[in-house]
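Since the model is a prediction, treat every value here as computed from it, not as a measurement. Just so we're on the same page: letters track the sequence lines, and every chain starts at 1.
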Amino acid sequence: MVVRRILCVAEKNSISKAVAGHLGGQYQTGNIRGTQYVKNYSFDYTFNNSWGPSSVVFTAVSGHIMQQEFPSRFKNWNNTDPWDLFEAPIEKSIDEKNQPIANNIKQHAQRCSILYIWTDCDREGENIGAEIRQIALSANPRIEIKRAHFSNIERTHIIQAANNPLLLDDNQVNAIESRMELDLRTGAAFTRVLTLSLQDMIKAVDPELGIISYGSCQFPTLGFVVNQYLRVKNFVPEPFWSIKITHKKEDEKNKKPDQRPITVNFNWVRGHLFDRMAVVLLFERCLNAKFAKVIKMERKPTSKWRPLPLTTVELQKNGSRFLQMNSSRVMAVAEGLYQKGWISYPRTETDQFDREINCQALCQKQTQSREWGPHAQGLVNGNFRQPRRGTHNDKAHPPIHPVNYVEKSTLSHEEQKVYEFVVRRFLACCSDDAKGEKTTVAIDYGAEIFNATGLIVLHRNYLEVYPYEKWEDSQQLPEYQVGETFIPTEAKMTEGKTSPPHYITEPELITLMDKNGIGTDATMAEHISKIKERNYVESRPATAAGRLAAASDEGDTAPATRGRGGARGRGRGGRGGATASARGATRGVEEFVPTTLGIALIEGYENLNFSTSLSKPFLRKEMELQMKAICDGQRTRNDVVQENIERYRAVYMRTKDQMSVLKAAVNKYIVEPERSNGS
DNA sequence: GCAAGGTC
C-alpha cells in the first residue's frame, strides 16, 4: 500500500509539538541543523477523510519567514530621494536567520504530496501560511496545499480540525500584504525625510540622538502622550459648589442599649455645579423647606461581577497596576512561563473560553497550592461556574490561563507574581460573583434630591481568591420609611475646585491604543518602548492621582452597584471609582511625559494644519477597516495600497513644503527649551 | 540608520 506523505507546518514549535502529541501519540523528534527552536515530529496518522493512512512530518516556522526590503540601490539615505520609496520595488526574501527553517520545509516538501498548513487562524497566520506555501512550492510545484482551522489545542478540537482540511484565504493574505507594504513605504520615507531634515538642529543639543522615526503605530502612540501632556499644561482649575446633608438617626432595627445613632451622609444627585449663585439659591430652598422627606427606601441584592477571562491587554494593564511591572516586562515574563509550559499562549485577544476547554480540570490542577488550593478545591467540589464570556474572540488563541501547577519556589520573583496573577484570575473567572445587599435612601429636601447608599457584602466568592479587587462594607443605614420626614442634623454648602489631570499612565495608554487599534496584543508594549528609545517620551513613577485613575476601570462592576460612593463621573476633574486599598496596590504604575522633541514633532504636525494628521490614530483605524474590506472581498490589495500611497504622498509634500513650520516647532522646544511639566 | 508583524 502506498502511504501518503503529508508535511504539516505550524506557526511555532509549541503548536507542532502539541498537535503531534494529539494526532501521533508516539512521535519521533528530529533536530534541524542551524536552529534550536523548531523540531520535526514524525508519526503515522490515519486521517478520517479521503487521505486515510498517512506518514506525517509536523514541523513549524517561527513567525514570519520572509522579510521585505528595498533593493540595495535605494538603501543609501544620502543619494536616494525618500520620495522615491513610495514606489520603489520591494523585494521579499527569506530572512537570513530563517534559512535553516526554510530549507527544512523545502526538503520535506520534495518528498510529500500534501502541504498542510497549521499556522494560527488569524490574518497574520494566514499570511505566514502563504509564505510557507511559496517556499514549499519552490521545491515541489505539484504539492497540494491545505489549511487546518483550529482555535485551541484541545484534543477533540484538533482531531476535528485535522480531518477537515480547508484552503488558505488569499483575501486575508492580501490584507496583510497591503499593511506591510504601506508600513514599510511610509515608515521608511518619513523616517528618512524627518531625520535628514532635522538631525542637524537636534544633534546640536543632543548629540546622542540618532534617528527621528515615523511609524503608523509609534506616532499615534506618541500623539496620545503629548495630547494628555497638553491637557495638563493647559489646565485651569475651576471652582464648583455642592450641598451636603447629614442626619443622625437611631437604628430602630438593631436597637441595643448602648447603640449610638448612625450618621447618614446624603449626597446631592446633581453632584456639583459650577455656578455659585445657582447653588446658593437651591441651598436656600432646602433650608426654607426645613423638613426632608424620604421618597425611596430600597434594599436589594447586588453583586460584583467576577472578572472576564484574561486577554493580553488586560494582563499588561494589570501588570502595571498590581505587579509593579511595565507592559514589556510582564510580556517577557509571561513568555517565559509559556515556554516552560506553565501558562497558555500569552498573546491573545480572546476573552471567552471555547466549550472544548475543560476549565474544571484546570481548576483541579491548582488544588495542590497551599495559597489558593483550598479555593480551587471548593470550585471542584461544586462551586465551579463556567466563566463569563466576553465579546472578543480572535479565533486563534484561548484566554490566558494556567495549564499546569508549579511550585512557586521554583520560579523567579517576577515569574511568581505573573503566574500567581494568571492563576488567581483564572480561578476568579471560574468562581461565583460576589454577592451583597445594597441599601438606597433618597430624600426630597426643598425639591432637591439627595441619596445615601449602604453596602453589606454577604458572599465574597471570587474575591476570596482575587485580592486585586476590593469590595467592602460601607456605611450601614438605619431603617427609614417612605413618607417619613425629618430635620437634617446638618446641611451645608461645600466648595471645591477641579483638580488637574495627570500625565498618561501606562494602563491608560494601553487602553487608548487598544481602543484605537494601534498595534496588536503582541506589539503594544514594543511601541511604547520604541517611543522611549527614540527619546520622544520619558517614563517615571506615576503621581498619586495617576495611580488612582489607573486603578479604576469601568466595566468590572454590575450595573446595580455602579457609582457606589457617588464620586464616579461627577465633576469635570473627578475620576473616582478606586478604593483606598486599590490605591495602595498600584505603586508600580508608570506615567509618560513627552520630551521636548516629542512635543515638537506632534505640535509641528498639528501646525501643518492638514486633514490627514500623522499624529492622530484615524489613519491606522482606517487602514484596519480597509484590511477588513479586503478580507471581505470588497476591495483589492492594489486599490487599497494605491489610495493610501496617494494620501501619504500628499502629507509628504506638505511636510517638505512646510518644513520651516516643523523646524520652528522643533526650534521652539529644543533650542529655547521651555519645559513646564505642571508639577 | 527606516515600519510593523510574527516568533525564541
Query raised in the report: Between A:Leu196 (CG) and B:dC2 (P), how many Å, whole number?
Result: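 Computing the A:Leu196:CG to B:dC2:P distance gives 13 Å.
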Query raised in the report: CD of A:Glu533 versus C1' of B:dC2: gap in Å, rounded?
Result: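 Rounding to the nearest Å, CD of A:Glu533 and C1' of B:dC2 are 12 Å apart.
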Requested in this report: Could you tell me which residues satisfy side-chain contact (heavy atoms from CB on, under 4.5 Å) with A:Ala332, sequence neighbours excluded, listed by chain and number?
Outcome: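 Partners of A:Ala332 under the side-chain contact (heavy atoms from CB on, under 4.5 Å) test: A:Arg329.
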Not counting sequence neighbours, which residues clear ring-ring contact (aromatic ring centres under 6.0 Å, His included) with [X]? List them please.
X	result
A:Phe150	A:Trp118
A:His527	none
A:His108	none

Under 3.5 Å, which donor-acceptor pairs do the side chains of residues 180-196 of chain A form with other protein atoms, sequence neighbours left out?
residue: A:Glu181; atom: OE2; partner: A:Arg185; partner atom: NE; Å: 3.0
residue: A:Glu181; atom: OE2; partner: A:Arg185; partner atom: NH2; Å: 3.2
residue: A:Asp183; atom: OD1; partner: A:Ser216; partner atom: OG; Å: 2.8
residue: A:Asp183; atom: OD1; partner: A:Arg620; partner atom: NH1; Å: 3.2
residue: A:Asp183; atom: OD2; partner: A:Arg179; partner atom: NH1; Å: 3.3
residue: A:Asp183; atom: OD2; partner: A:Arg620; partner atom: NH1; Å: 3.3
residue: A:Arg185; atom: NE; partner: A:Phe86; partner atom: O; Å: 3.4
residue: A:Arg185; atom: NH1; partner: A:Leu85; partner atom: O; Å: 2.8
residue: A:Arg185; atom: NH1; partner: A:Phe86; partner atom: O; Å: 3.4
residue: A:Arg185; atom: NH1; partner: A:Ala88; partner atom: O; Å: 2.7
residue: A:Arg185; atom: NH2; partner: A:Ala88; partner atom: O; Å: 3.0
residue: A:Thr186; atom: OG1; partner: A:Leu182; partner atom: O; Å: 2.7
residue: A:Thr191; atom: OG1; partner: A:Gly187; partner atom: O; Å: 2.5
residue: A:Thr191; atom: OG1; partner: A:Tyr214; partner atom: N; Å: 3.0
residue: A:Thr191; atom: OG1; partner: A:Tyr214; partner atom: O; Å: 3.2
residue: A:Arg192; atom: NH1; partner: A:Phe74; partner atom: O; Å: 2.9
residue: A:Arg192; atom: NH2; partner: A:Phe74; partner atom: O; Å: 3.2
residue: A:Thr195; atom: OG1; partner: A:Thr191; partner atom: O; Å: 2.6
residue: A:Thr195; atom: OG1; partner: A:Ile212; partner atom: N; Å: 3.0
residue: A:Thr195; atom: OG1; partner: A:Ile212; partner atom: O; Å: 3.1

Query raised in the report: What is the per-nucleotide protein-contact pattern of nucleotides 3-8 of chain B, from the 5' end, where B denotes a base atom under 4.0 Å from a protein heavy atom, S denotes such proximity for sugar-phosphate atoms only, and - denotes neither?
Result: BBBBBB
